[in-house]
Amino acid sequence: MLRNLNESQRDAVVYNEGPSLVIAGAGSGKTRVLTYKIAYLLSNGMKPWNIMALTFTNKAAKEMRERVDTLVGEGLARCLCMGTFHSVFSRILRSEASGIGYTSNYTIYDESDSRSLIKSIVKGMALDEKKYKPSTIASRISMAKNCLILPEAYREDRNVMARDYETGLTRTCDIYMEYQSRLACSNAMDFDDLLVNTYLLFRNHPEVLKKYQELFQFILVDEYQDTNSVQQMIVMQLAAVHHRVCVVGDDAQSIYAFRGANIDNILNFQNQMPETRLFKLEQNYRSTQTIVEAANSLIRHNRRQIPKTVFSKEGTGDKILYKTAYSDIEEAMIVCREIQRIKNMDGCEYGDFAILYRTNAQSRAFEEQMRKTAIPYRIYSGLSFYQRKEIKDAIAYMRLVVNPNDEEALKRVVNYPARGIGNTTMGKIQMAATKAGVSLWEVICNPSFYNTSIATATTSKLGAFRSLVTCFKDKAEGEDAFTLTRSLLAESGMMKDIYEGKDAEDVARQENIDEFLNSIMMFVDTRREEQDSPSVSVADFLQEVALLTDLESDDGEQSKVSLMTVHAAKGLEFSTVFIVGMEENIFPSQMSSDSPRALEEERRLFYVAITRAKRHCILTNAKSRLRYGHMEFDQPSRFLADIDSSLMTTGKGREIQNSRPVASQFKADVMPKITSSSHVEKPIDPFSPSFRKLLRNSGGDSSLKVALVVGDRIEHQRFGLGTVMAVEGMGENAKATVDFEIVGVKQLLLKFAKYKKVR
């Protein structure tokens, strides 16, 4: 049985006399060790029902069970106590429910049920429902439970209460107490209660704990770096007598602190159980040696870790390719060009590629470019950018301004944000419109004429909505798409609704809206430069979006490029991985810059991203990027300087240049600007008024808009470097045809173009 294991794996499998900690590097065969250990225990006489194996996903549990069954046969795997923390402890609670004041037929509330209950409590307390959002309160209650802060202790926790006061959510504790009371009255638990109540059951009933300590003679825990405080304490409760527990994981891949995961659990395991034997799985079976060494050199910069040296025997492979773009537009073009180049070079499929980004909002530029270049793709574990709720809401408002008779757009936003126009009212409007053969908008404009029988107060609310749409419809011809949309989303109340929240879900929505407005601004600027269109309307933008959406390939091809966040990529692998947006304030996240602990988690996240790659790993960033409605010029990510520069190349030319070291250029350009401190100096925007002033003060040219002639080299804010091929017209009508290195030939109206002459 053990002949299929390497020496390190075999040592970890056969030691079962006491606690063991198995640190499994990326791609080192962690699941193999777990399954072989279970099979080894069974083959040496342990009964399957005496083994508890805890995982984080049903998929992992199913895979392990199938592998064990293959190894030992006779259906022994079916008798194992194996599953996710929640499923295993839920079964225990069913048997012991009376010990915690429940009956065995208790209900488990999912996320939707929990939020609905919280919404009801907030309403019952007469609190501001927009301020005390169910998602925000549910998140805070969940984090409290993960840290074993029960309602009675919540009010005594200074840090928790200080946070609630700072954010104006001072009644969170009261909601939490009422929430738990209502759950108990309903004989119901949420997912976090399945863990908390198991811990309380064992703590308050020693005889019950003893029974399960004797039953589960060996405990195995997968992905131990992802456990929260409650999960860790339950494991310690069950293993307190026999100490026969094996935890497997990789501290370098601990990336879920926002869900309550506590890296201290794996880092301190040997202190909690001093007799622990440490095993390290350091041979990577996934990636080339170059990729492995690059990841090693990166993670070495984290102070809080269990040292290990991962290695590979899969060959040296290509160096890490690092490409800088002038803008996020060019970045997307570079990635698409590299996909096609590597696909042709390696003879692989689109499904062998993945594009990883730090935030979901970053997907837009890549989606649009892949649609234009007919590269099939899929959003893994998420929605396509234009299918996200907040984006569809924003587009619905825009559609309504262009065409108030658009029924689907009207129904989507007539009561979003809530303005007191509910389903009953809309039902009356729909009935009147159908009867008269007119649009819903027509009825809203004349409710009394169509005998809608709508109350006076509601008629007034309809009037306010009608005035909002009419006002912006009147402005639509005179304002560009960006200016109008930004005002429309603000005055409709949508921006306020989206920007009120502070939890991860709210931040993601905010980032999506920011990126949406950026895309409109970029569209307006491009139209002005290339088509001499001073007034680029909302209708123009909507037409562009409709065409882009329609361009998605529908040829039945199953192999598609995967787009996903780095968090979603954990546990996956691809032949070629692009890690994009490698800039300060994106990766690492701006929210992590003031916290050494958070910054180390961001570095671990980058480590996870790199180790998804088997053959090729390409890192990209942009010198300029539209963010928050204006052009930003961020530094390259400090993490780039953490990677051994001898393992990287800038790849000048069509092929990856393995022989060209990047050290001299990269260290000269990047290292002096990026330090391990949280402060990163902001580079000067070369297209800003302050830069022009700097030029004037230093005796330079007072204007970046100099006359162009054929042969001139220019640097464009979004399109990068290009050569002037032709110039025509004079003054405000002057145009230049420019052949850009990445984006190709563009014709620019010079009065709108954002460029500077470089030669």
Side-chain angles (χ1 to χ4, degrees), residues 19 52-56 81-104 106-109 114 138-157 160 173 176-177 179-181 183-184 187-245 247 249 256-257 259-266 268-269 271-273:
M52 172 187 277
L54 300 170
T55 68
F56 273 84
C81 180
M82 178 185 289
T84 64
F85 280 86
H86 294 90
S87 64
V88 169
F89 296 145
S90 175
R91 291 197 295 271
I92 291 176
L93 290 176
R94 293 284 181 198
S95 300
E96 311 291 345
S98 60
I100 52 171
Y102 281 78
T103 63
S104 60
Y106 64 81
T107 302
I108 300 174
Y109 277 15
S114 295
S139 175
R140 298 203 172 185
I141 291 174
S142 179
M143 289 299 285
K145 290 181 178 181
N146 287 339
C147 296
L148 265 180
I149 302 175
L150 303 180
E152 304 78 31
Y154 192 97
R155 202 181 301 277
E156 306 304 319
D157 191 304
V160 170
C173 182
Y176 184 12
M177 295 189 74
Y179 173 73
Q180 288 304 115
S181 175
L183 282 174
N187 195 39
M189 301 182 199
D190 62 22
F191 280 106
D192 295 313
D193 287 329
L194 297 175
L195 303 178
V196 172
N197 286 335
T198 300
Y199 168 77
L200 294 176
L201 172 70
F202 291 159
R203 186 194 70 179
N204 298 333
H205 299 275
E207 73 285 357
V208 176
L209 174 59
K210 183 179 179 182
K211 178 173 73 173
Y212 289 100
Q213 286 172 335
E214 292 174 352
L215 175 62
F216 300 122
Q217 298 173 22
F218 205 101
I219 301 168
L220 301 98
V221 186
D222 189 16
E223 304 285 13
Y224 196 68
Q225 78 279 350
D226 294 335
T227 55
N228 60 34
S229 297
V230 189
Q231 290 164 329
Q232 180 261 346
M233 293 179 78
I234 296 172
V235 171
M236 290 299 163
Q237 285 176 319
L238 289 170
V241 176
H242 54 67
H243 289 193
R244 299 181 76 186
V245 56
V247 301
Y256 294 120
R259 294 182 187 169
N262 187 351
I263 191 175
D264 294 336
N265 293 346
I266 193 166
N268 297 335
F269 186 81
N271 296 328
Q272 293 171 323
M273 289 192 161

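Quick caveat, the model's predicted, so the values are computed rather than measured.
Val247 is not listed as a side-chain neighbour of Ile266, based on a closest heavy-atom distance of 4.5 Å or more. Taking the side chain as every heavy atom from C-beta outward, Gln180 and Leu150 never approach each other to under 4.5 Å. Annotation: side chain of Met52 is not in contact with side chain of Leu220 (no heavy-atom distance under 4.5 Å). Between Leu195 and Asn228, the closest side-chain pair of non-hydrogen atoms falls below 4.5 Å. Using a 4.5 Å heavy-atom cutoff, the side chains of Val235 and Thr227 are not in contact. Using a 4.5 Å heavy-atom cutoff, the side chains of Ser229 and Leu148 are not in contact. In this structure, Lys145 and Tyr176 have side chains that are in contact, with non-hydrogen atoms separated by less than 4.5 Å. At a threshold of 4.5 Å between non-hydrogen side-chain atoms, the residues Leu194 and Phe191 count as touching.
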Met189 and Asn197: side chain to side chain contact (heavy atoms under 4.5 Å, CB included), yes or no, with the steps? CA-CA 9 Å; Met189 301 182 199; Asn197 286 335; 3.3 Å; yes
Step by step, would you call Val245 with Phe269 a side chain to side chain contact (heavy atoms under 4.5 Å, CB included)? CA-CA 11 Å; Val245 56; Phe269 186 81; 4.1 Å; yes
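Here the closest non-hydrogen pair linking Gln225 and Gly249 is OE1-CA, 3.1 Å. Between Asn265 and Tyr224 the shortest heavy-atom distance is O-CE2, 3.3 Å. Closest non-hydrogen pair, Cys173 versus Pro151, comes out as SG-O, 4.1 Å.
Separating the SG atom in Cys147 from the CG atom in Asn262 is a distance of 7.5 Å, to the nearest 0.5 Å. The OG1 atom of Thr198 lies 7.0 Å from the CD1 atom of Ile100; values are rounded to the nearest 0.5 Å. Remark: Phe56 CZ to Phe85 CZ distance equals 4.5 Å, nearest 0.5 Å. Remark: Met143 CE to Asp192 CG distance equals 10.0 Å, nearest 0.5 Å. Distance NE2/His86 to CG/Asp193: 9.5 Å, rounded to 0.5 Å. How far CG of Leu238 is from CZ of Phe216: 7.5 Å, rounded to the nearest 0.5 Å.
In summary, the side chains of Ser114 and Asp190 do not present any donor paired with an acceptor at a separation below 3.5 Å, with no hydrogens or angles considered. A side-chain donor-acceptor contact under 3.5 Å links Ser90 and Tyr106. For the residue pair Asn187 and Thr103, a side-chain donor N or O sits within less than 3.5 Å of a side-chain acceptor on the partner. In this model, a donor atom of one side chain and an acceptor atom of the other lie less than 3.5 Å apart for Gln232 and Gln272. Thr84 and Ser87 are linked by a side-chain donor-acceptor pair at a separation below 3.5 angstrom, with hydrogens and angles left out of the test. Glu96 and Tyr102 form no side-chain donor-acceptor contact under 3.5 Å, judged by distance and modelled atom types alone.
A donor-acceptor contact shorter than 3.5 Å is absent between the side chain of His242 and the backbone of Phe218. Here the side chain of Gln213 pairs a donor or acceptor atom with the backbone of Gln237 at under 3.5 angstrom.
A salt bridge does not link Arg259 to Asp226: none of the charged side-chain nitrogens sits closer than 4.0 Å to a carboxylate oxygen.
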